[in-house]
**Q** 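Before anything else, here's the structure in question.
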Amino acid sequence: MSDSSDDDVPLARTNGHASAPTISKATDRAMDRAASKARPAPPGLSIRNGPVAYDSMEIDSTPNGTVKRKSRSSIGQSINYKDGSDSDDGAPLAKRQKASRKDESDSDDQPIARKNGGKLPPSIRETGDTSDDDDEPLGTHLAKQKADIEKTAAKEAKAIRSSAAKAKKATPKKTAVKDESDDEPPAKPKKRQSNGVSSSAKKTNGVKKEDSDSDAPIAKKGKKATLKAAAKATPTAKGKATTTKKAAKFEKEESKDSDDEGQEEEYRWWDAPKKEDDSVKWTTLEHNGVIFPPAYEPLPKNVKLYYDGQPVNLHIEAEEVATFFGSMLHSTQNIENPVFCKNFFNDFKDILKKTGGAKNESGSRVDVKDLKKLDFTKIFDYYQDISNAKKARPAAEKKAEKAEKDKLEAPYMFCKWDGRKEKVGNFRVEPPGLFRGRGEHPKTGTVKKRVMPEQVTINIGKGAKVPEPPAGHKWKAVQHDNKATWLAMWQENVNGNYKYVMLAANSTVKGQADFKKFEKARELKKHIDRIRADYTKELKSEVMADRQRATAMYLIDRFALRAGNEKDTDNEAETVGCCSLKFEHVTLQEPNTVIFDFLGKDSIRFYNEVTVERQVFKNLKMFKKPPKEDGDDIFDRLNTTQLNKHLSSYMPGLTAKVFRTYNASFTMSQLLQELEGNNEKSIPEKIKLYNDCNRKVAILCNHKRTVGAGHEVQMEKLGDRIKGLKYQKWRNKMMMLDVDPKLKKKKGAEFFELDADMNEEWVKQHQKFLVEELKAKITKKFEKDNEKLQSEGQATMPEKELKERLKPVAELEAKHKKENKTKKVEAEGKDPSAEKFTATIKKLDDRIKTLELQSADREGNKEVALGTSKINYIDPRLTVVFAAKFNVPIEKFFSKTLRDKFNWAIQSVGGDSTWEF
DNA sequence: ATGTAAACTTAGAACTACGTTG
DNA sequence: CAACGTAGTTCTAAGTTTACAT
């Protein structure tokens, strides 16, 4: 259908080509008819993500003139500013071959030729199973389970939902306890309030006691899990009679009810009744502000920047900028990135201009116009030396300094929030430096300026003492917004982003927010059936916008994509999420395989081959219909606002991101459930099982990490160690034979053969290695002993002694020689026996097994980051329950900080292993 | 409706501490 | 008992979402 760009309905996005506003039945039918007759594979994830090299993209996008967003050659690319030296191939994530995927990419959405008839891509077969309706990212088995569970859950949920809704409607509304309303000036407009500037304007309207709400309708019974704990702690929040406006303001109401016996004792908010209005975050707030980074320390006279071989003098401000670059010469990743260099150099030249330029020794101006002629190595070395010296200092000194630092920071570490001591997260103002944007960030390398107090806004309780700004300075503003949780804020100069000082993860506010997040995800369980049914229907909507929305929801639900806000392409790296997917990010293969390949958040590559429901496939094909081409949006009639608005009609607060939480936690819950029956296993094994589940979730969420350069080497080392053990095992077998030659018959010749992955060549190599190792060990010991003697003022041992000590080395060599020649191994040890050797072999076997396990584990793990999902997506209560059920101490899963962060989960679920997500 | 400021969560890399093990 | 690797922390960039302004 010709050009569709001229339609009445406004487009969600205005770049590039648009799709028609509606889809006629005829169009749909035509697509169906033309479609391949191949039987679609069951929809579902085909766990085929990862591979494919990432080097250049062959198609260099063909920006279609008009577009205002510049479309780059999508993914690929990875500019490889790798470590200079060897710099391999530049593929960022290591080796991976580019999948052949010969791309019928473009052709496929065209005239709908039936292309590869019934041939299914291999990945589809992997998903096996023919159940066609419901499914889940983690394979069909899990999928079915999920479907079942949900069906029932959803049903009862529906009942609960409707009755609950009714009940709610009646009471809580009034509960809102206005109070607010009569306040006059918007003492606290919900948000917005330009940088606190307004603060002054604010009048002291009596912060109408919001307390009153706390005693409102305690209708909410704590969830049952809470009950027993509640009994013990029972805060009786309602007892808070008073609250005469001002009275409560700064007084701790503690005095009254506070069951917080131990003053400082932890506030068990999870046992407390829920507040229905949580927009007010605090009533009193005291803190000490922020710590500014130390002032710049000029370089010593003898350390200079060089230009064109000549040392140059700089104004101190320019010098500081020079050190930003100079101190990171080791970071080839940045230093070799032309964008980084260009941005830095521009900024550097600016500051030079502003500060009088660079001067040579005789004081005349040096025109700095080529970055390549700048030599920072002196600066670099200087900082290296300093850091080395620092590291080398005696422990005591280090400790002292640490203590000093701690003392300095102590006042900032905690704040007083509603009278309780709470930990502050990031009280340090970010130091100046070079902005390190990720991926192809257009601004990477630009100077991030020093933040001055004049840029910092303080948010603090009305009656609290305002922290002193550094001498001679003042704050940008001081405000008292109790609907905000931050203590201080400033705007960074590079991108104009806001930076906030907030509380630490283990604080009450953060904990409550976290709890809320997971509860919301759990609530989604109750609506998911309806949502899915709806979008499934809407996949066929005649309204393009609705059809796109439904399709996007499908992708978000099924494949855990992020929402995908629109980005400012010339000031940010080009990454996408669901709503911002572009033509080139999705490849379609008949009959129903979709290949996603794009850069997501943090420029992390998302590569996934999946099978989808036929209708989804058809829709995507439609959304890619010509004249759309590279650079055009797939969902041109959808944006995240529209999507979220629709979602929230299903459930208050439902947004795209909730699906990720839901999916991750739900999946984890299912996977852990499958672990029932492993109770007898050892603790390490159970941990491993848990981690395996964790890993699957991480893969689902596409949480990656770059594999360190050293990893390859280490894997090899590990492999060698395993082989070494296998070799020892073999030797032991041979020794058995030496003791009792008859065993050969008994056990079969095969038993005594060398492992398949080793040959004589390798053995010789290994023997050499063993010899060297022994030699090194002895020599080292000798030297050490000598050193010791020397320090004690005694005579050192002569070389002769070393020779003597090295005798075993020669013996070992001889032994090897002999063994190689005779093909036999003489039994070692005193009274050797076959039994003894069997025992050692068994031991060796065990070690080999663990090492192999570890090796596989590490390999599988190398580019998957488990932490992110554990910290942000998996409901911690799942882990707590698992730990309890399987008798594994929670420390095995949660580090100290995580235990603090998830204290609410640990406490509220406790030993109760019946809790379910 | 749409654009934008603001606020808060999520994210991987860099740095540091710490337990293991040769 | 140092050296090493990894696990845990810190840092701050990069998302999402909300609500206000227009």
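Chain A is the first sequence line, chain B the second, and so forth, proteins listed ahead of strands; every chain is numbered from 1. What you see is a predicted model; the values in this text were computed from it and never measured.
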**Q** Let me know the distance between CG of A/Asn565 and P of B/dT2, rounded to the nearest Å.
**A**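 Result: 15 Å.
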
**Q** From the options B/dT9, C/dT17, B/dA11, select the nucleotide whose nearest atom is closest to the side chain of A/His703.
**A**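 Closest of the options to the side chain of A/His703: B/dA11.
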
**Q** Start at the 5' end of DNA chain B and walk down; is the nucleotide closest to A/Lys402 or to A/Asp602 reached first?
**A**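 Between the two, 5'-proximity favours A/Asp602.
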
**Q** Please list each protein N or O that sits under 3.5 Å from an N or O in nucleotides 19-22 of chain B, with the distance.
**A**
residue	atom	partner	partner atom	Å
B/dG22	OP1	A/Arg721	NH2	3.0

**Q** Tabulate below the donor-acceptor pairs under 3.5 Å that side-chain atoms of residues 424-437 of chain A make, not counting sequence neighbours, or state none.
**A**
residue	atom	partner	partner atom	Å
A/Asn426	OD1	A/Met502	N	3.2
A/Asn426	ND2	A/Tyr500	O	2.8
A/Arg428	NH1	A/Glu409	OE2	2.1
A/Glu430	OE1	A/Lys448	NZ	2.9
A/Glu430	OE1	A/Lys499	NZ	3.1
A/Glu430	OE2	A/Lys499	NZ	3.1

**Q** Answer yes or no: does a side-chain N or O of A/Lys704 lie under 4.0 Å from OP1 or OP2 of B/dG12?
**A**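 Looking at the OP1 and OP2 atoms of B/dG12, neither is under 4.0 Å from any side-chain N or O of A/Lys704.
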
**Q** Give the rounded distance in Å between these two atoms: CG of A/Asn497 and P of B/dA7.
**A**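 Taking atom P of B/dA7 as the reference, CG of A/Asn497 is at 13 Å.
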
**Q** Against A/Leu285, only a single residue in A/Leu487, A/Asp481, A/Asn482 fulfils side chain to side chain contact (heavy atoms under 4.5 Å, CB included); can you say which?
**A**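 Between A/Leu285 and the candidates, side chain to side chain contact (heavy atoms under 4.5 Å, CB included) is satisfied uniquely by A/Leu487.
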
**Q** Answer yes or no: does a side-chain N or O of A/Thr641 lie under 4.0 Å from OP1 or OP2 of C/dT17?
**A**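 Answer no for this pair, as no side-chain N or O of A/Thr641 is under 4.0 Å from OP1 or OP2.
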
**Q** Please state whether the phosphate of C/dT17, meaning OP1 or OP2, lies under 4.0 angstrom from any side-chain nitrogen or oxygen of A/Asn644.
**A**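 Checking A/Asn644 against C/dT17: at least one side-chain N or O falls below 4.0 Å of OP1 or OP2.
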
**Q** Among residues at least two apart in sequence or on other chains, which ones pass side-chain contact (heavy atoms from CB on, under 4.5 Å) with A/Ile722?
**A**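 Here the qualifying residues are A/Leu718, A/Lys726, A/Ile848, A/Leu851, A/Glu852, A/Ser855.
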
**Q** So which one's nearest nucleotide on DNA chain C is more toward 5', A/Cys578 or A/Lys448?
**A**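 Between the two, 5'-proximity favours A/Lys448.
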
**Q** Looking at A/His585 versus A/Phe606, is the centre-to-centre ring distance below 6.0 Å?
**A**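 No, ring centres 6.0 Å or more apart.
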
**Q** Examine C/dT9: is either OP1 or OP2 under 4.0 Å from a nitrogen or oxygen in the side chain of A/Lys896? Give yes or no.
**A**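 Checking C/dT9 against A/Lys896, no side-chain N or O comes under 4.0 Å of OP1 or OP2.
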
**Q** Only counting residues at least two apart or in another chain, list the ones meeting side-chain contact (heavy atoms from CB on, under 4.5 Å) with A/Arg549.
**A**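 A/Glu538, A/Asp546, A/Met553, A/Leu638, A/Leu643, A/His646.
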
**Q** Any N/O pairs under 3.5 Å between the protein and nucleotides 1-5 of chain C? List them or say none.
**A**
residue	atom	partner	partner atom	Å
C/dG5	OP1	A/Lys717	NZ	2.5

**Q** Is A/Thr655 close enough to C/dT17 that one of its side-chain N or O atoms is under 4.0 Å from OP1 or OP2 there?
**A**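 The answer is yes; a side-chain N or O of A/Thr655 sits under 4.0 Å from OP1 or OP2.
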
**Q** Measure distances between side-chain N and O atoms of A/Lys601 and base N and O atoms of B/dT10, and say whether any donor-acceptor pair falls under 3.5 Å.
**A**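 Looking at the base of B/dT10, it does pair with a donor or acceptor on the side chain of A/Lys601 (distance under 3.5 Å).
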
**Q** Once you round it to whole Å, what is the distance between P of C/dA13 and NZ of A/Lys567?
**A**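 Going from A/Lys567 (NZ) to C/dA13 (P), I get 14 Å.
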
**Q** Please list, chain by chain and in numerical order, all residues satisfying ring pair (Phe, Tyr, Trp, His ring centres under 6.0 Å) with A/Tyr690, sequence neighbours excluded.
**A**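 Once residues adjacent in sequence are excluded, the partners of A/Tyr690 under the ring pair (Phe, Tyr, Trp, His ring centres under 6.0 Å) criterion are A/Phe882, A/Phe893.
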
**Q** Check side-chain contact (heavy atoms from CB on, under 4.5 Å) between A/Lys399 and all other residues, then give those that pass, not counting sequence neighbours.
**A**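 So A/Lys399 forms no side-chain contact (heavy atoms from CB on, under 4.5 Å) with any residue.
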
**Q** Both A/Phe894 and A/Ala563 contact DNA chain C. Which one's nearest nucleotide lies toward the 5' end?
**A**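 So the residue in question is A/Phe894.
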
**Q** Output all residues satisfying ring pair (Phe, Tyr, Trp, His ring centres under 6.0 Å) with A/Phe380, sequence neighbours left out; order by chain, then residue number.
**A**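 With sequence neighbours excluded, A/Phe380 shows a ring pair (Phe, Tyr, Trp, His ring centres under 6.0 Å) to A/His330, given in chain and number order.
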
**Q** Can you measure from CE (A/Met489) to CD (A/Gln455) and round to the nearest 0.5 angstrom?
**A**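 Answer rounded to 0.5 Å: 10.5 Å.
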
**Q** How many whole angstroms separate atom CG of A/Asp514 from atom P of B/dC8?
**A**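 Interatomic distance, CG of A/Asp514 to P of B/dC8: 14 Å.
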
**Q** Side-chain N or O of A/Lys483 less than 4.0 angstrom from OP1 or OP2 on B/dA7?
**A**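 Result: no.
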
**Q** Please enumerate all residues that pass ring pair (Phe, Tyr, Trp, His ring centres under 6.0 Å) together with A/Phe902, with sequence neighbours excluded.
**A**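 Ring pair (Phe, Tyr, Trp, His ring centres under 6.0 Å) check on A/Phe902 returns A/Phe894.
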
**Q** OP1 or OP2 of C/dA14 less than 4.0 angstrom from a side-chain nitrogen or oxygen of A/Ser603, does that happen here?
**A**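 No.
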
**Q** Under 4.0 Å from any atom of DNA chain C, heavy atoms only: list the residues of residues 428-439 of chain A that qualify, in numerical order.
**A**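 Residues of residues 428-439 of chain A under 4.0 Å from DNA chain C: A/Arg428, A/Glu430, A/Pro431, A/Phe435, A/Arg436, A/Gly437, A/Arg438.
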
**Q** Side-chain N or O of A/Lys499 less than 4.0 angstrom from OP1 or OP2 on C/dC11?
**A**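 Answer is no, no contact under 4.0 Å.
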
**Q** Counting just side-chain N and O atoms, does A/Thr706 come under 4.0 Å of either OP1 or OP2 of B/dG12?
**A**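 Result: no.
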
**Q** For C/dT6 and A/Arg705 - does any side-chain N or O of the residue sit under 4.0 Å from the phosphate oxygens OP1/OP2?
**A**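 Answer is no, no contact under 4.0 Å.
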
**Q** Only counting residues at least two apart or in another chain, list the ones meeting side-chain contact (heavy atoms from CB on, under 4.5 Å) with A/Lys402.
**A**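 Listed in chain order: A/Asp406.
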
**Q** Rounded to whole Å, how long is the line connecting atom CG of A/Asn495 with atom P of C/dT12?
**A**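 Nearest whole value for this atom pair: 14 Å.
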
**Q** Less than 4.0 angstrom between a side-chain N/O of A/Tyr500 and OP1 or OP2 of B/dT9, yes or no?
**A**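 It does not, given that no N or O in the side chain of A/Tyr500 lies less than 4.0 Å from OP1 or OP2 of B/dT9.
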
**Q** Which residues satisfy the side-chain hydrogen bond (donor to acceptor under 3.5 Å, both in side chains) test with A/Thr446, sequence neighbours excluded?
**A**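 With sequence neighbours excluded, A/Thr446 shows a side-chain hydrogen bond (donor to acceptor under 3.5 Å, both in side chains) to no residue whatsoever.
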
**Q** Rounding to a whole Å, what distance do you find between A/Leu898:CG and C/dT9:C1'?
**A**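 In whole Å, C/dT9 C1' lies 11 Å from A/Leu898 CG.
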
**Q** Does C/dA14 have OP1 or OP2 sitting under 4.0 Å from an N or O in the side chain of A/His441?
**A**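 Yes, because at least one side-chain N or O of A/His441 sits under 4.0 Å from OP1 or OP2 of C/dA14.
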
